[in-house]
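All values below were derived from every heavy atom in this structure, side-chain atoms included, with hydrogens, water molecules and symmetry-related copies excluded.
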Amino acid sequence: MSDGQARFLELSFGKERKLETPRKVQLAAELGLDAKQVAVWFQNRRARHKSKLMEEEFSRLRAAHDAAVLHNCHLETEVVGQWHHTKLDLCTHTTRPHNSDD
DNA sequence: TCTCTAATCCCAC
DNA sequence: GTGGGATTAGAGA
């Protein structure tokens, strides 16, 4: 398949993801290709486009996941810090001064 | 029966 | 190894 034919198919794919049979036959005739070749090209193009989208989606989800884990870590650190302060406050407020008589 | 997807094969680079 | 055309198996209308 020539570069020109591939470019034409890419343009067609940009306009329509699937081809009706008449359109497929017409496209094949315009390009001097077998209709089967055009069908296979579109099938492969759809499959590879989908896997690319999946990879991009995976990257987005992974980034969101990493950000959520980081945020969670910060929140936990904050909570633990508050817990220490609370505990300290409880200690200082509940602890009576030592009686020297004891 | 036809078309599609998903998986895979095969080959040039 | 990777990209891309071709084949195959199975599902759905």
Asker: Between P on dC4(B) and CZ on Arg45(A), what's the gap in Å once rounded to a whole number?
Answerer: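 Nearest whole value for this atom pair: 16 Å.
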Asker: In plain terms, say whether Lys52(A) and Glu55(A) are close enough for a salt bridge, that is, a side-chain N and a carboxylate O under 4.0 Å apart.
Answerer: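 No salt bridge links Lys52(A) with Glu55(A).
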Asker: Measuring only between side-chain heavy atoms, which start at C-beta, is Arg48(A) closer than 4.5 Å to Asn44(A)?
Answerer: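 Result yes, sub-4.5 Å side-chain heavy-atom pair found.
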Asker: Strictly under 4.0 angstrom, non-hydrogen atoms only: write out the protein contact profile of nucleotides 5-13 of chain B, one letter per nucleotide from the 5' end, B, S or -.
Answerer: BS-B-----
Asker: I want to check something: taking the side chain as every heavy atom from C-beta on, are Arg7(A) and Ser2(A) in contact at a cut-off of under 4.5 Å?
Answerer: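 Answer no - side chains too far apart.
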Asker: Determine, using the 4.5 Å side-chain heavy-atom cutoff (strictly less than), whether Leu33(A) and Leu27(A) are members of one ILVMFWY cluster.
Answerer: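 Yes, same cluster.
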Asker: Which heavy atom in Leu19(A) sits nearest to a heavy atom in Lys24(A), and how many Å separate them?
Answerer: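 What the structure gives for the nearest pair is CD1-CA, 4.0 Å.
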Asker: Think Arg17(A) forms a cation-pi with Phe13(A), using NZ or CZ under 6.0 Å from the six-ring centre and within 45 degrees of its axis?
Answerer: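 Satisfied, under 6.0 Å and within 45°.
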Asker: Quick check for you: name the first and last nucleotides of DNA chain C, 5' to 3', having an atom under 4.0 Å from a heavy atom of chain A.
Answerer: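 Span of nucleotides near chain A: dG4(C) to dT7(C).
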Asker: Are side-chain heavy atoms of Glu57(A) and Met54(A) found at a separation under 4.5 Å?
Answerer: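 SC-SC contact between Glu57(A) and Met54(A) ruled out.
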Asker: Minimum heavy-atom separation for Glu16(A) to Phe42(A), with atom names?
Answerer: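 Reported closest heavy-atom pair: O-CE2, 3.3 Å.
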Asker: Please tell me if Thr21(A) has a side-chain N or O lying less than 4.0 Å from either OP1 or OP2 of dT3(B).
Answerer: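 Yes, because at least one side-chain N or O of Thr21(A) sits under 4.0 Å from OP1 or OP2 of dT3(B).
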